[in-house]
Number of protein chains: 2
Amino acid sequence: MLLVEPVSGGTGGGRRCTSVSATIEDVARAAQVSVATVSRALRGLPNVAPSTRERVVAVASRMDYVADPTASRLAGGRRMVLGLVVPMLGQWYYAKLFSGVEAVATVAGYDVLPFTTSGPGGSERFVRTLPFRKRVDGLILADAPFDAQQFAAVAATGVPIVSLGSFTPGVWGIAVDNAAAARLAVGHLTGLGHTRIALIGGIPDDPFRFSVPVDRFHGYQDALEAAGLSYDPALVVPGNFSAEGGAEAMHKLLAAPTPPTAVFACSDEMAIGAIQVARDAGLDVPRDLSVIGIDDHDISAYVGLTTIRQDVTGQGERVAQLLLEHLEDRDDVQVEDVHEAHPTRLVVRRTTGPPPDRASHPRV
Amino acid sequence: MLLVEPVSGGTGGGRRCTSVSATIEDVARAAQVSVATVSRALRGLPNVAPSTRERVVAVASRMDYVADPTASRLAGGRRMVLGLVVPMLGQWYYAKLFSGVEAVATVAGYDVLPFTTSGPGGSERFVRTLPFRKRVDGLILADAPFDAQQFAAVAATGVPIVSLGSFTPGVWGIAVDNAAAARLAVGHLTGLGHTRIALIGGIPDDPFRFSVPVDRFHGYQDALEAAGLSYDPALVVPGNFSAEGGAEAMHKLLAAPTPPTAVFACSDEMAIGAIQVARDAGLDVPRDLSVIGIDDHDISAYVGLTTIRQDVTGQGERVAQLLLEHLEDRDDVQVEDVHEAHPTRLVVRRTTGPPPDRASHPRV
DNA sequence: ACCCTGTGTGGAAGCGCTTGCAGGCGGCGC
DNA sequence: GCGCCGCCTGCAAGCGCTTCCACACAGGGT
């Protein structure tokens, strides 16, 4: 009886009438124990007699009781929220990432709160308002487009941080070896005999903030050098990590006096955009032009795109675990940063082949 | 002075040392007013003298004060969280949706908490545990795979609900007119002269729970009938809403005694999977086979896919607004449900054309 | 028999806010 | 010139939990 207390507040007025559900106090009363015991019993803490625990659990489940996370958080001092800072939601890569992070966080009882840095105000706004303050226990910085000063401002909040996509000294993180991935891609092309290999890269304006494309650029240069090829700046164009940007980039490349015979795009979406433009221009891919991407986007297999595969969801899961571990070990003096490299793999499909001049066999 | 109170708890021990930031009390002391006044001043409530407000705001900003949302929520009785129930994160459609919802919710000061129903335990687990209880102010049900009883269980929690993707009596919601979209797609194909038109649809096992594919199926039948064509069950296969499923479906269709000359896939991803299989089988798209999808996925333009366009991000924004409005108007007796239809549009690209037998002109 | 330990439990003080209520103060109407 | 009404402001009671502490009690050593 008495599920709804007539006492309590005392306001009669227009108090928003959400269907009142049981509080810990209701459970305590029904189970004839104190609220402290209910709290301990339900959370599996020690020092509760088995019989008591059993009774409390039974009563709680009968009453459909669930603890109010808001109250737990306030009292417990832990927000049970992981912040995920990404340039944007809604893009394949970040959606997959979110999905991985969310899966791990949920199991551990954490919520995931996304923050985007490419919306209105961009990363400036983010750094100025630091919107995660008092809202998260830890932060995952994914491809954070911050310079050193901005990064320091974020770190100065004292919120534990892990990073994804690039490594920062003093910050745990995971990333694929972007230079190696690029070498793999370009190496595949040089191995096929290509000598004019273009790069469709990142965002034109802030080359120093977003390290992924610059690492890939370095890998591209390395692979060129390893193959004895010279680097031609005219073959490097930004692609903005979208299909549209990849298409624009390809237009530029095609307009050059001597167009490339192969293109390495820093994402599959850009590669797909580039292929489209090439085909529209009457080129046959891969006979006239080879294209390779990075990611292995869900649909890359279905457009036959040769690419460098990375497991984005897996990275999301792993970086979430890393943050969780980090939150546990706050007190321990950590001797060494954890900088974990994730593997990539070449997946050869049907958009790469030998360059046109030596095309003796039809295709790979 | 005295930013960090030496008094308070009294525990000397290993209290987790997060960098202590200012509380409302610190601000009140510094501004020489009560915490109540600080609260009112900072939230723009009336009945605060302009001079007082100014001073409080100045002090707060100097101290880098931000209110702790956890405490506000507990005290205010509103969680400031919108739940978004989706089958999964990480798929294009739901990522876009999330992105739209998040944008609107953020502006209104709400967080978005995703719940997935196709993870471990699926929707059964969701309905059994009702994990959103005490965590959200309202719920967006996107393509919720619930039967009437499950839906009732969710509604019985008293949490305000809006739906997306299909309409339920008594529940505000938005959706595209899926039957109309399907008619548009199939009408395009019949208009081109096709008479054997296949449908690659939804999930094989629960046809009654997820209304989107069944609505599209009805639209498909309607369009067939309108064109005077008979319905052939052999031409309807499930595709699971993934590129992989679309590919499998196409395999089945191709194995039939008389394969279709056109395919309507209920998503672009399935369409792309289907096209791949058709081309592998030596068919030319669109000469030998026309394929049309639904969505206008980001990359559809770049694979030349003809499709029915819908604005998913816009739907996310709109459904979030709707929920927000709904939360405002709880008390008002709402005469009529809000059931809002969102537009779709045919986008003709290069995967549809006249059927092979009457292919006089090369392509559209 | 005694003290000491360990286990189980309840009381109560918060966590950092919001908000109902009461009270002080000045200005206006009559 | 007095009362009344508003406007500001502060007090204090929560919101529903967690956790520190005190305490009661049972059992083992010496």
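Just the heavy atoms: all of them, side chains too, but no hydrogens, waters or symmetry mates, feed the values below. Lettering of chains follows the sequences in order, A, B, ..., and the numbering in each one begins at 1. Treat the numbers as computed from the prediction; the structure is a model and nothing was measured.
- Between A:R133 atom CZ and C:dC17 atom C1' the separation is 17 Å, expressed in whole Å.
- A close approach under 4.0 Å does occur between a side-chain nitrogen or oxygen of B:T52 and OP1 or OP2 of D:dT9.
- B:N47 places its CG atom 12 Å from the P atom of D:dG6, with the value rounded to the nearest Å.
- The environment of A:E25 atom CD is sparse: at most 12 non-hydrogen atoms of other residues, nucleotides or ligands sit within 6.0 angstrom.
- Per the geometry, CZ belonging to A:R79 stands 14 Å off C1' belonging to D:dC17, to the nearest Å.
- Between the CE atom of A:M80 and the C1' atom of D:dT18 there is a distance of 13 Å, rounded to whole Å.
- In this structure, A:R43 reaches the D:dT19 phosphate: one of its side-chain N or O atoms is under 4.0 Å from OP1 or OP2.
- Residue B:K134 places at least one side-chain N or O closer than 4.0 Å to OP1 or OP2 of D:dC17.
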Take A:V57 and A:E54, measure what side chain to side chain contact (heavy atoms under 4.5 Å, CB included) needs, and give me the verdict at the end. CA-CA 5 Å; A:V57 168; A:E54 225 169 274; 6.0 Å; no
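- Nucleic acid contact for A:G76: sugar-phosphate only, since backbone atoms but no base atoms lie under 4.0 Å from a heavy atom of the residue.
- In this model, the phosphate group of C:dT18 is not approached by any side-chain N or O of B:R78 to a distance below 4.0 Å at OP1 or OP2.
- To the nearest 0.5 Å, the span separating CE on B:M80 from CG on B:D137 amounts to 7.0 Å.
- Listed pair B:R73 / D:dC15 fails the phosphate criterion, with no side-chain N or O lying under 4.0 Å from OP1 or OP2.
- When the side-chain nitrogen and oxygen atoms of A:Y65 are compared with OP1 and OP2 of D:dC17, one or more of them lie within a distance under 4.0 Å.
- Looking at A:D68 and B:R73, no side-chain N of the basic residue comes within less than 4.0 Å of a carboxylate O on the acidic one, giving no salt bridge.
- Between A:A36 and B:V35, the one whose closest nucleotide on DNA chain C sits nearer the 5' end is A:A36.
- Comparing the local axis fitted to the first five base pairs of the helix from C:dA1-D:dT30 to C:dC30-D:dG1 with the one fitted to its last five gives a bend of 40°, rounded to 10°.
- Atom CZ of A:R55 and atom P of C:dG8 are 14 Å apart (whole Å).
- Taking only side-chain nitrogens and oxygens, B:S72 comes nearer than 4.0 Å to OP1 or OP2 of C:dT18.
- For the pair A:L45 CG and C:dT9 P, the computed distance is 13 Å after rounding to whole Å.
- The shortest distance between the side-chain N/O atoms of B:S39 and the OP1/OP2 oxygens of C:dC17 is not below 4.0 Å.
- Here the nucleotide nearest the side chain of A:I24, chosen from D:dC17, D:dT19, C:dC17, is D:dC17.
- Nucleotides of DNA chain D nearest to B:P46 and A:V38 differ in position, and the one nearer the 5' end is that of B:P46.
- An OP1 or OP2 oxygen of C:dG11 is reached within less than 4.0 angstrom by no side-chain nitrogen or oxygen of A:S34.
- For the side chain to side chain contact (heavy atoms under 4.5 Å, CB included) with A:V319, the qualifying choice from A:L141, A:I174, A:V104, A:L82 is A:I174, the only one to do so.
- Here the straight-line distance linking atom CZ of A:F98 with atom CD of B:E102 works out to 8.5 Å at 0.5 Å rounding.
- Going from atom NZ of A:K96 over to atom OG1 of A:T313 covers 5.0 Å, rounded to the nearest 0.5 Å.
- Atom CG in B:D26 sits about 11 Å away from atom C1' in C:dG16, given to the nearest Å.
- Regarding B:L42, its CG atom lies at a distance of 9 Å from the P atom of C:dT18, rounded to whole Å.
- Remark: the A:Q315 side chain and the A:R318 side chain contain no N/O donor-acceptor pair separated by less than 3.5 Å.
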